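Right, one structure below, let's go through it.
Predicted, not measured: the structure shown is a model, and the values here were computed from it. We count residues from 1, following the sequence as given.
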Amino acid sequence: MKTALKTLFHFIHGNPEGKREAVEKFLNKSEEFRLLLAANGKALELMAEMTEAARSGHPSGITRVRAFSVMVASSVRQMIERLCRMAPGRYDALREVFNAIVQDMDQAFAGPPKGPLGPTVVRMADLRAIDLLETGSKVAMLGEIKAELGAVVPRGFAITASGFRLFMESTGLDDEINRLIQIHDGNSLEELTDLARSIRQAIDLAPMPEELETAVREQCARLGDVRLAVRSSALGEDSEQAGFAGQFATRLGVKPAQVTDAYREVVSSMYSATAMTYVRNRGLREDGMVMAAGCMEMINAVAGGVIYTRPPVGGDSDAVIVNAVPGLPCAVVDGSSMADSYSVDRETGRIRSRDIAEKEIRFILTSGGKVRKEKLYGGRELEPAVPDRDIERLAALALRIEEHFGHPQDIEWAKDRDGLIVILQCRPLTVCEDAPGPRSKPWSDDEESRGLAILSGCIPASPGAAAGYVVKVETEEDMFRFPDGAVLLARNARPQLSALLPRAAALVAEFGSSVGHLANVAREYAIPALIGAPGAVERLSGVGVITVNGSNGTIYLGRRKRMIQREARPTARVRTTDVGLALERVLRFITPLTLTDPESTEFRPEGCRSMHDITRFCHEKAVYEMFAQGDRPVSGARRLAGERAMQYWLVDIGGGTSADAGGPANSRRDITIEAVCSSPMRALWYGMMAVPWEGPPPPTMDGFMSVMTSAARNPALAAGVRNDMGERNYFIVGGRYCNLQSRFGFHFCTIEGFAGDDPNVNYALFQFKGGGASMDRRHLRSRLVAEILEKRGFIAEIREDALFARLEGVSRQAVEQAMAVLGYLLMHTRQIDMSMADPGMTVRYRERFEADIERLLEGLPNELREAGCAA
């Protein structure tokens, strides 16, 4: 573009060879300044987003934070390079300062140091709790209760964190996954689903390290011809900070020869859309996730379930809650079936209450090792999954585990065909201690809600009350379309739905259990939830707005405001997240602004302590360079016809005038204002001429004496002295550009503007200095002009009698209006310093100028439209 403008300029004006250098410098400086402003706007915008993310406590993923930091650094680097090109050799020291700050930023992202690789696999019999940094807590806790409590756990082994690191580093998967995350850089569920597919493909194609494959093969040979359950045991999983309930995959019925393939699936599940949503909402670092896995012999269970050693939603703290289903226990945790529920007294160990559910299905392990769903009928669906004595055995064992770890536990169990109770996993249980217990309150019978209950008797899974438009979710497409703030209605409490919970007002699931994965995640997010709501899908579909009371198990038609206010919702646990900490560390090198005074001795490259400091410095110096004298082309100038008194001349650097500029009545050296098609020039000219100047105000006697005294002391203020461009006033114009540097009597002025379609590169600059009166009167005049401009969005600074004002990052129309205002002020504020003897005069001038400007701007669109400049 710039080359084309230069070619056009040379063609039209026949610029002599000796004059081209000035043109070149001028064009380059203007272009660099525009691009510097664009980079400045981008850098400040990114800094604002990062600051807001830190303030909100939801900084998204570490990859996104890192990407934002890189983009800030890139924009600041562009500013440095643009400034250095505007003034070669003057600001080179900025590069060294920038590099030092970037190194500090990089250090801010450093994670915990990685130690040397350990064993890739460890036998279950050799594991203890202290091994959790290698095996994850899920597997390490099983080893602990086997060794210390004599609990029965499956035979098997763990693929360790070292095995995972070997897999990721030896194949380059870690770099590839980080690259894919940066490329996709999306937050919506649909974008994360696409990202998950890409990562899954990369993991599937990566070769398994021979060392790891051999170790797995040896362990499988030791176990014999069995079927295995390959379970996730990620580092940090099942912790109090992040449960990851149901986020990662478990593969059941795996043959020994298929273990590494199942392991790939478990590793891939760490990057599923659901898991990534959870990781980002919990503020965890994607690059800090490590997936260990447990490979355990499958238990051919006749029954199984989940135990909570305390009620998870508060209430009866003296009870142990035991859930049971026939067959494999996966039907409880994935919410696909109703479960029997028991309350067992912690003191006596006796059952206090039981709720035998109608269980339509069970999962069984076939002789071929596959897991199959089987329908229950003939009255079996109503039978208890296990006898009462097993419930009491389970409660007793659960309390021993809780006592050993000193914390309420969430325990998954199975009963094999020999009646042996096998513990499949145990993990810390999060209890909503401040929440009322399920059904601890009678039905709400307040006037507002009476008669509006449309479904009752549902199983409370997360307390509180919330309202929203009910939206049924059955398919993946339904998940993509789920709107923020709606009530999530589902038939089954599938763990995959947890990706929607951060955006949902409440959750209602027809089947499932309050001890399932989805219920756990709902409690983590403090989302009111009812799981186990028979008939909910049919009763609620299409009813519009409902209120879900997660405390009393009732759903009401409409929004019940008093109920929502009355039902205390537990506050989601607030913690300083890993990503939040990294963001805070890196922001120390990005956002602080210490360079505030351009007149300070510290205002130099070496004084910059942050990216914000560098942007401030570059911007200040760039504006200075634009106002600096010299480098303005004047050859080929054409006189603006009809304005002989003021000697206006015009230089077109490309596209500023029409192709047939001039006319029969004009010579080649003249041009009319009608031939100008630069919109900022037209706007500026319109502002200068729309309101006739009444001439200089009558000076007061002391004002007249002030002029005489100043003129006598300062030869530069003598009328008729040559300015830097001779006696002429020059407009330099392009299609979207205008620069006017001129002198009116004792007043020196520069106006410049660019009005394009991209707001990021648009600007209007104004410099005004001088006057014939004393300094205090000239200062009052500058103060008056600054106040008028500040009301219209300018940033104005005054140094003695000099005024510097700028407007940036605005629309084309805003720049055109600004140029019209500057034109008006240029013409009508000259020489008023001689009459500014008291505050009353300032008020009168301000009122008159502002009234004139209001009328002036009303006619501006017509003026540009008639001139063919308006879009």
I would like to know whether Leu429 and Gln409 meet side chain to side chain contact (heavy atoms under 4.5 Å, CB included); could you show each step before the answer? CA-CA 5 Å; Leu429 171 67; Gln409 295 289 301; 5.6 Å; no
Verdict with reasoning, Arg352 to Asp345, per salt bridge (Lys or Arg N to Asp or Glu O under 4.0 Å): CA-CA 6 Å; Arg352 291 169 23 171; Asp345 191 293; 3.1 Å; yes
Does Glu297 form a salt bridge (Lys or Arg N to Asp or Glu O under 4.0 Å) with Arg227? I'd like the steps, not just the answer. CA-CA 6 Å; Glu297 182 180 359; Arg227 295 294 180 269; over 6 Å; no
Working note: Glu383 + Arg380, criterion salt bridge (Lys or Arg N to Asp or Glu O under 4.0 Å); need CA distance, chi angles, decisive distance, verdict. CA-CA 5 Å; Glu383 295 177 356; Arg380 294 164 62 197; 5.6 Å; no
Please walk me through it: do Leu228 and Leu223 pass side chain to side chain contact (heavy atoms under 4.5 Å, CB included)? CA-CA 10 Å; Leu228 298 168; Leu223 295 173; 3.8 Å; yes
Check the pair Arg264 / Arg200 against side chain to side chain contact (heavy atoms under 4.5 Å, CB included), numbers first and verdict last. CA-CA 9 Å; Arg264 288 179 196 272; Arg200 171 64 191 270; 5.9 Å; no
Under the side chain to side chain contact (heavy atoms under 4.5 Å, CB included) rule, what do Leu399 and Val320 come out as? Steps first, then yes or no, please. CA-CA 8 Å; Leu399 288 175; Val320 175; 3.7 Å; yes
Hey, mind stepping through Arg427 and Asp410 against salt bridge (Lys or Arg N to Asp or Glu O under 4.0 Å) and telling me if it holds? CA-CA 5 Å; Arg427 60 183 180 178; Asp410 169 1; 2.9 Å; yes
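At least one side-chain heavy atom of Ile145 sits less than 4.5 Å from a side-chain heavy atom of Ile423. Within the 4.5 Å cutoff, side-chain heavy atoms of Arg350 are placed close to those of Glu392. Here the side chains of Val371 and Leu328 are in contact, with some heavy-atom distance below 4.5 Å. Looking at Pro502 and Tyr525, their side chains come closer than 4.5 Å, going by heavy atoms from C-beta outward. Between Val306 and Ile411 the shortest side-chain heavy-atom distance does not fall below 4.5 Å. Between Phe405 and Cys426, the closest side-chain pair of non-hydrogen atoms falls below 4.5 Å. The side-chain heavy atoms of Leu142 and Met296, taken from C-beta on, include a pair separated by under 4.5 Å. For the pair Ile459 and Ile531, the minimum side-chain heavy-atom distance is 4.5 Å or more.
Scored by the salt bridge (charged side-chain N to carboxylate O under 4.0 Å, His left out) test, Glu218 finds no partners at all (sequence neighbours excluded). With sequence neighbours excluded, no residue forms a side chain to side chain donor-acceptor pair (under 3.5 Å) with Gln258. Partners of Asp390 by side chain to side chain donor-acceptor pair (under 3.5 Å), not counting sequence neighbours, listed by chain and number: Arg393, Lys415. Under the salt bridge (charged side-chain N to carboxylate O under 4.0 Å, His left out) criterion, Asp416 pairs with no residue at all, not counting sequence neighbours.
Just one of Val152, Ile307, Leu424, Val422 meets the side-chain contact (heavy atoms from CB on, under 4.5 Å) condition when paired with Trp413; it is Ile307.
Separating the CD atom in Gln425 from the CD atom in Glu412 is a distance of 4.5 Å, to the nearest 0.5 Å. Taken from OG in Ser170 to CD in Glu210, the straight-line distance is 11.5 Å, to the nearest 0.5 Å. In this structure, the separation between OH on Tyr271 and CG on Leu192 is 14.0 Å, given to the nearest 0.5 Å. If you take CG on Leu133 and OG1 on Thr160, they are separated by 12.0 Å, rounding to the nearest 0.5 Å. The distance from the CD atom of Glu402 to the OG1 atom of Thr309 is 3.5 Å, given to the nearest 0.5 Å. Between the OG1 atom of Thr250 and the CG atom of Leu252 there is a distance of 6.5 Å, given to the nearest 0.5 Å.
Judged by a 6.0 Å distance limit and a 45° cone about the ring axis, Arg354 is not positioned over the six-membered ring of Tyr342.
Salt bridge status for Glu510 with Arg491: present, with a side-chain N to carboxylate O gap under 4.0 Å.
In this structure, Glu403 places its CD atom where only 12 or fewer heavy-atom neighbours from other residues, nucleotides or ligands lie under 6.0 Å away. Counting non-hydrogen atoms of neighbouring residues, nucleotides and ligands closer than 6.0 angstrom, the CD atom of Glu374 exceeds 12 such neighbours.
Closest approach of Leu212 to Gly163, counting heavy atoms only: CD2-O, 3.8 Å. Taking each heavy atom of Val259 and Cys295 in turn, the nearest pair found is CG1-SG, 3.9 Å. The minimum heavy-atom distance between Lys359 and Pro326, with the atom names listed, is CD-CD, 3.5 Å. Of all heavy-atom pairs spanning Phe248 and Ala234, the tightest one is CE1-CB, 3.7 Å. Closest approach of Phe164 to Met291, counting heavy atoms only: CB-O, 3.3 Å. What you find for Val139 and Ala293 is that their closest heavy atoms are CG2-C, 4.3 Å.
Of the possible polar contacts, one joining the Ser233 side chain to the Thr135 backbone as a donor-acceptor pair under 3.5 Å is found. A donor-acceptor pair under 3.5 Å is absent between the side-chain atoms of Ser272 and the main chain of Ser268, judged by distance alone. Formation of a donor-acceptor pair under 3.5 Å by the Arg362 side chain with backbone atoms of Gly327 is not found in this model. Here the side chain of Thr171 pairs no donor or acceptor atom with the backbone of Ala206 at under 3.5 angstrom. Between the side chain of Asp478 and the backbone N or O of Thr475 there is at least one donor-acceptor pair closer than 3.5 Å. At distances below 3.5 Å, at least one donor-acceptor pair connects side-chain atoms of Ser462 with backbone N or O atoms of Ile527. Judged purely by atom type and a 3.5 angstrom limit, Arg251 has no side-chain atom pairing as donor or acceptor with the backbone of Tyr263. Using a distance-only test at 3.5 Å, with no hydrogens or angles considered, no donor-acceptor pair links the side chain of Thr277 to the main chain of Ala499. With Glu144 contributing its side chain and Ala129 its backbone, the two residues share a donor-acceptor pair below 3.5 Å. For the pair Asp340 (side chain) and Ala385 (backbone), a donor-acceptor distance under 3.5 Å is present.
Among pairs with a residue in residues 119-129, those fulfilling side chain to side chain donor-acceptor pair (under 3.5 Å) read Arg123-Asp126, at least two apart in sequence or across chains. Applying the side chain to side chain donor-acceptor pair (under 3.5 Å) test to residues at least two apart or on different chains, none of the pairs has a partner in residues 145-154.
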